[in-house]
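Single-structure report; data block below.
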Amino acid sequence: MKEKRQDEILHLIAAYDIGTQEELALRLREAGYDVTQATVSRDIRELKLSKVSIGGGRQKYVAFHHEEAFLGDKYGRVLKEGFASMGVAENLLVVKTVSGMAMAVAAALDAMKMQEIVGTIAGDDTIMMAIRTREDTEHVMRKIEEIVGNVK
């Protein structure tokens with residue numbers, strides 16, 4: 001049942017611009033699934049869904065396929081479009097993004113599978129990345145700068 005429900009979630013977010021857990025729960029109920037907000041929240045976490053801006057101050061859920069072994073065009077585009085700036089404090093890297101884009105940019109950074117990154121935490125417009133060492137932090141910053149180009 002869970003697998004079918006999660007497949008339906010992926011279908012729904014591909015077919016509609018769904019921006020809230022409540023809207024997703026409503027669509028699932030319309031499709032015949034008896035779900036609670038807690039179930040939807042768990043499914044979103046397990047599917048590693050992110051929100052991306054769709055203009056007009058609106059956002060929608062998207063699924064990034066983390067099994068990809070490389071940073072594809074989709075991830076690079078998300079990183080370039082959402083990146084604003086970054087700063088370092090020893091082995092912590094703080095990445096500032098366009099408002100509402102932190103989760104999508106964090107998903108793109110996670111998809112890079114850099115061994116130096118211990119973990120990422122995303123808010124609305126800020127990502128905090130724990131990195132193994134100060135030297136590794138500098139390496140990660142250089143990689144991000146290469147991808148985003150001259151965006152600062």
Distance check, rounded to the nearest 0.5 Å: [X] atom [atom1] versus [Y] atom [atom2]?
X    : Y    : atom1 : atom2 : result
R29  : D34  : CZ    : CG    : 7.5 Å
T133 : H139 : OG1   : NE2   : 10.0 Å
L12  : R5   : CG    : CZ    : 12.5 Å
Y61  : T20  : OH    : OG1   : 7.0 Å
I131 : Q115 : CD1   : CD    : 13.0 Å
M114 : M129 : CE    : CE    : 5.0 Å

Looking only at heavy atoms, what is the nearest atom pair of [X] and [Y], with distance?
X    : Y   : result
D125 : S99 : CB-CA, 4.0 Å
A107 : S50 : CB-OG, 3.5 Å
A63  : L10 : CB-CD2, 3.7 Å
M101 : G82 : CE-CA, 4.0 Å

Does the side chain of [X] reach to within under 4.5 Å of the side chain of [Y], using non-hydrogen atoms?
X   : Y    : answer
V98 : E81  : no
F83 : V105 : no
E46 : K2   : yes
D43 : L49  : no
L24 : I44  : yes
N91 : R132 : no
K80 : R77  : no
D7  : H11  : no

| request: Is it possible for you to say whether M141 and L79 belong to one hydrophobic cluster, with membership spreading through side-chain heavy-atom contacts below 4.5 Å? | output: yes
Is the backbone N or O of [Y] less than 3.5 Å from a side-chain atom of [X], with the two atoms forming a donor-acceptor pair by type?
X    : Y    : value
T126 : A122 : no
K60  : Y16  : no
D124 : G100 : yes

| query | So which of V88, V95, L109, I117 actually passes side-chain contact (heavy atoms from CB on, under 4.5 Å) with V140? | reply | I117
| E146 and R142 ion-paired at < 4.0 Å | no
| query | Does K143 pair with E116 as a salt bridge, N-O distance under 4.0 Å? | reply | no
| request: List the steps, then state whether side-chain contact (heavy atoms from CB on, under 4.5 Å) holds for Y33 with M1. | output: CA-CA 9 Å; Y33 293 90; M1 181 69 163; 4.0 Å; yes
| Can you check side-chain contact (heavy atoms from CB on, under 4.5 Å) on L93 and I144, steps first, answer last? | CA-CA 11 Å; L93 180 60; I144 292 171; 3.9 Å; yes
| field | CD (E30) with more than 12 external heavy atoms under 6.0 Å | value | yes
| query | Got more than 12 heavy atoms from elsewhere within 6.0 Å of CG, L92? | reply | yes
| From CA spacing to verdict: side-chain contact (heavy atoms from CB on, under 4.5 Å), K48, D110 | CA-CA 11 Å; K48 296 184 172 112; D110 287 343; over 6 Å; no
